Structure formats: structure tokens, C-alpha cells
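Below you'll find the structure, written out as C-alpha cells, and then a few comments.
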Amino acid sequence: MGSEWTESTLAELSSSVSYGYTESASPDKVGPHFLRITDIQNGVVDWNSVPYCPISEKDHLKYKLNEGDIVVARTGNSTGENYLFEGNHDAVFASYLIRFCINDSLAHPKFVWYSMRSQDWWAFVNGSKTGSAQAGANAKVLGRFHLDLPPLPEQKAIAHILGTLDDKIELNRRMNATLEGMAQALFKSWFVDFDPVIDNALAAGNPIPDELAPRAEVRRQALSDQKTGTTQQGSIDDSTLSDPKSHFPAAFQFTEELGWIPEGWDVGCIADLCNTVTDGSHHSPKSVDKASGQPMASSKDLTQLGIDFESCRFISKNNFSELERNGCSPQIGDVLIAKDGARCGETCCIHVDDDPVVLLSSVAILRPKTASLSTFLSTLMSRAETVADLRENYVSGSAIPRIILRDFKRFPVLTFPSSILETWVKHSQAIHRRAVASRDEAKKLSRLRDTLLPRLISGELSTDALSKTNE
């Protein structure tokens with residue numbers, strides 16, 4: 001650390017510190033975005049999912065987030081989770097968040113925020129929590145966080161280096177979201193709307209069930225558009241694919257479980273498609289330091305990019321080995337689902353070749369019988385409609401929602417000839433390959449950022465030295 005570095009606290013660097021607005025969130029655009037604790041995941045906010053709230057003009061001005069504001073969760077397991085607002089949305093913040101308005105003449109807000117993503121910050125937060133039932137920390141306590149500050153130009157240079165990596169990670173996240181949307185659109189077309197079956201039925205002159213008549217009209221238009229060289233917005237254009245329709249029937253049958261489905265298909269359950277449906281360890285060993293332990297993941301550690309190892313707890317290597325032997329470690333091809341908590345049912349991912357980890361009981365583990373079923377189930381379980389169904393029919397408890405595993409095993413799924421499954425995998429595998437490559441790149445970038453962050457903000461590594469290393 002250079003001689004020009006100074007010491008300060010979070011409160012001393014803030015022009016104001018305040019608690020958020022109390023109101024009920026609404027999915028409707030009744031006012032500005034309403035940022036809550038649950039909207040912040042590992043320092044990132046997906047603004048597409050942030051709700052809105054009604055608010056008076058006076059309160060809107062009072063609670064409006066401005067560029068450079070840092071909001072911090074003050075209660076529960078999320079205490080200390082934080083987010084740097086960069087001014088791209090009209091938003092106010094909720095009452096369980098504390099806003100620190102950083103004085104940019106004293107410190108660069110992004111440098112301060114990166115200091116609040118460090119192990120020093122999390123150690124400070126864990127040592128500052130009070131309360132037993134719902135631990136938390138107030139603004140006065142969090143404001144005592146100590147920071148070492150280099151001169152402003154160096155702060156800006158450090159923030160730029162780390163921010164560039166975060167921008168690339170965010171770009172990959174958006175690319176993954178686009179790819180996921182493409183995979184979901186194809187899945188919906190084939191296995192929800194049954195477009196190939198409707199097309200075959202229309203071509204054969206077979207009757208279409210009344211419930212599917214609106215979709216049949218959409219398909220008539222889509223087929224007409226294909227002939228004229230146009231594609232209707234929101235439809236899947238199969239003309240660029242090898243013809244999948246030959247694998248599908250040309251009629252429908254009615255089932256009690258799922259209504260009208262393609263003729264010859266059946267209704268099974270999750271357990272039919274998996275070698276096992278289980279969960280992680282119901283034993284939670286005492287945490288140890290990261291340097292001397294192995295990671296243990298809970299539902300909060302699952303992301304679209306896989307397991308977030310930086311947010312995991314760490315346990316002793318002896319405990320890790322025991323739990324690993326007991327089958328609590330995921331395997332390649334497993335589909336992991338958040339089983340309980342605020343994100344119950346929301347986060348699904350295929351576990352690919354990752355670092356060794358064991359899972360807690362808050363994670364449901366689906367081990368499909370084949371790689372193709374793994375791809376199919378991961379897409380099915382990540383659908384918003386599937387999550388809604390899980391929460392409505394397979395979750396118990398309101399304070400702490402939890403998927404009941406014995407009921408979940410009976411979750412109904414379509415079963416159909418393997419030729420259709422393999423055809424779908426063939427058509428979707430290019431999307432999945434790109435998604436996996438994007439995911440892996442984002443993980444490498446995250447690890448690089450997490451390696452550089454403590455060294456840069458502590459002065460162990462200067463931006464000049466880093467620039468010379470990259471020359």
C-alpha cells in the first residue's frame with residue numbers, strides 16, 4: 001500500500017445515509033421500479049424482473065436512486081448484500097435496504113462498491129449482525145466499515161479494470177438469456193403448443209381440438225408466411241431445419257392429467273425420466289475458512305451460470321469427503337433446482353464439469369437417465385410456467401416455502417418416442433453449446449475478477465504493475 005493511501009469509513013464517505021420506502025410491490029407499471037432485497041443476487045440486478053410501486057411525487061424524489069448510490073440489505077440471510085446503481089432505470093428502493101450516497105469528491109463510488117464485494121466486507125458484516133430470529137445490521141453499524149483509499153485517479157483505474165471484467169460477464173449473461181429464450185421458444189413450439197402435430201393435422205385434414213384452434217390459426221399463418229418468404233413474429237420457423245414433422249403424429253388424444261396431447265404420447269412423471277430424484281445433505285457442518293475448506297452449496301448459490309462458488313460456505317475437508325461419499329455431490333448431467341427459500345423452484349441448471357462441491361438439502365438433484373433427457377429436463381424445469389406450477393401445487397409453507405420431494409417426484413411430464421427427443425436435442429444442441437461456452441467464459445472472467453479484486457483494493461497490486469504485466 002502506497003504512502004498516499006488514506007483511511008476512512010463508509011459513513012464518512014457518504015453524503016447521506018437513508019432507509020428505503022415502505023410499499024407493496026406490483027407487477028404493473030404503476031410507478032417507478034421498486035428495488036427489493038430479493039432483486040439483488042450477488043451484486044447483480046435483473047431489471048426485467050424488478051416490480052413497480054405506486055408513490056407520490058414527493059416520496060419519488062426522496063427515495064429515487066441516483067447514479068453512484070449503493071444500497072445494502074440490512075436484514076436476514078441477505079444482510080450485507082449490496083448493489084451499485086448506475087442510473088439506467090427510474091427506481092426507488094424498499095425499506096429493508098439502506099442507501100449510501102457516496103460523495104464522489106472523496107471516493108469513486110465503484111471503488112467503494114468493489115470494496116464492499118470483498119472478503120473484508122463479508123467478514124465485517126458477519127461480525128456485526130445482531131438478533132437471533134432475524135439477524136441484521138442497521139445503518140450506523142454498516143457505516144463503520146473501514147476502507148483504505150488510494151488517490152482518486154488510482155481508484156478510478158481500479159474500478160475501470162474490475163468494471164471492464166464485470167461488463168464482459170454481464171454481456172455473457174445477456175447472451176445466455178437470449179440463447180435460453182431461443183431454446184425455450186423451440187421447446188414451447190414442440191412440447192407445449194405442439195406446432196409440428198398441428199401442422200401435420202392441418203396437412204392431413206384431421207380435426208383440431210377446440211382448445212387448440214387458436215394455435216392452429218397461428219400455424220396456418222406461419223405456414224403461409226414460410227411459403228411467401230416471411231416469418232410471423234413470435235413463431236418458430238422450421239424451414240431452416242431438417243424436417244422434424246415426420247417424427248410427429250397428425251392427431252391428438254385427450255388425457256385427464258394434461259388435456260389434449262399428441263396421439264401416441266403418454267403422461268409420465270419426473271421419477272420416470274430419472275435414475276434418482278433426491279436432495280443434498282440434511283447435515284450442515286460448521287463453516288471453516290475458504291483456504292482450509294471445500295465448498296458446500298445451498299439453493300442461494302445456484303445461478304444460471306451454474307454454482308456460484310464465491311457465495312458458498314466452506315466446510316472441513318473431512319466433512320466434505322464424508323458427504324461426497326454419501327452422494328451429496330452433483331455429477332455431470334445432473335439438473336439442480338432450488339428446493340426452498342425465497343428462490344424456491346426458480347433456479348435450475350445442468351451441472352457440467354465444475355469444481356468439487358457438495359450440496360445441502362435445499363437443493364433438489366435430478367439425475368436423468370440419459371444426456372438427452374438431461375437437456376430436456378433442464379429446459380422444462382427452467383420454464384416460468386413450470387416454476388409457477390411447482391410453487392402452486394408442490395410447495396408447502398408460506399414463511400419458508402419448500403418443495404416436497406415425495407410429491408415432486410410425481411410431477412407430470414410428457415413421454416414420447418425417443419426419435420422425437422433425439423430430434424429435439426439435435427435441433428437445440430447448437431444453442432446449448434453456445435450457452436455452455438458463454439457460461440464457461442463468464443466463469444473464467446468471474447474468477448479473474450475475484451482474484452484481482454482483493455489485490456487491487458488492498459494495494460498489493462497496482463494498476464501500473466498490472467498494465468506492465470499485460471504488455
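Sequential numbering from 1 along the given sequence is applied to the chain's residues. Just so it is clear, the model here is predicted, and its values are computed rather than measured.
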- Relative to each other, are the rings of Phe191 and Trp265 parallel, tilted or perpendicular (30° and 60° limits)? tilted

- Item | Arg174/Glu170 salt bridge by N-O under 4.0 Å criterion | yes

- Message: Between Arg36 and Leu97 (side chain of the first, backbone of the second, donor and acceptor by atom type, cut-off under 3.5 Å), is there such a pair?
- Response: no

- Message: Regarding Gln184 and Thr379, do their side chains bring together a donor and an acceptor under 3.5 Å, going by distance alone?
- Response: no

- Item | Between Asn42 and Arg117, a side-chain donor and acceptor under 3.5 Å | no

- Task: Return yes if a side-chain donor-acceptor contact under 3.5 Å exists between Ser372 and Glu422, otherwise no.
- Result: yes

- Message: As an exercise, state the distance from CD of Gln294 to CG of Asn319, rounded to the nearest 0.5 Å.
- Response: 11.5 Å

- Query: Between the main-chain N or O of His160 and the side-chain N or O of Thr164, is there a donor-acceptor pair closer than 3.5 Å?
  - Reply: yes

- Does one side chain, of Ser284 or Arg313, offer a donor that lies under 3.5 Å from an acceptor on the other? yes

- Item | Carboxylate-amine/guanidinium proximity below 4.0 Å for Lys110 and Glu86 | yes

- Is a side-chain donor-acceptor pair under 3.5 Å present for Asp266 with Thr415? no

- Query: Side-chain contact, heavy-atom cut-off 4.5 Å: Leu165 with Leu448?
  - Reply: yes

- Message: Between Thr9 and Arg144, is there a side-chain donor-acceptor contact under 3.5 Å, judged purely by atom types and distance?
- Response: no

- Would you call Arg447 and Asp450 a salt bridge, using N to O less than 4.0 angstrom? no

- Task: Say whether, by atom type as modelled, one donor and one acceptor occur between the side chain of Thr276 and the main chain of Arg367 under 3.5 angstrom.
- Result: no

- Item | Tyr52 and His33 aromatic ring geometry - parallel, tilted or perpendicular at 30°/60° bounds | parallel

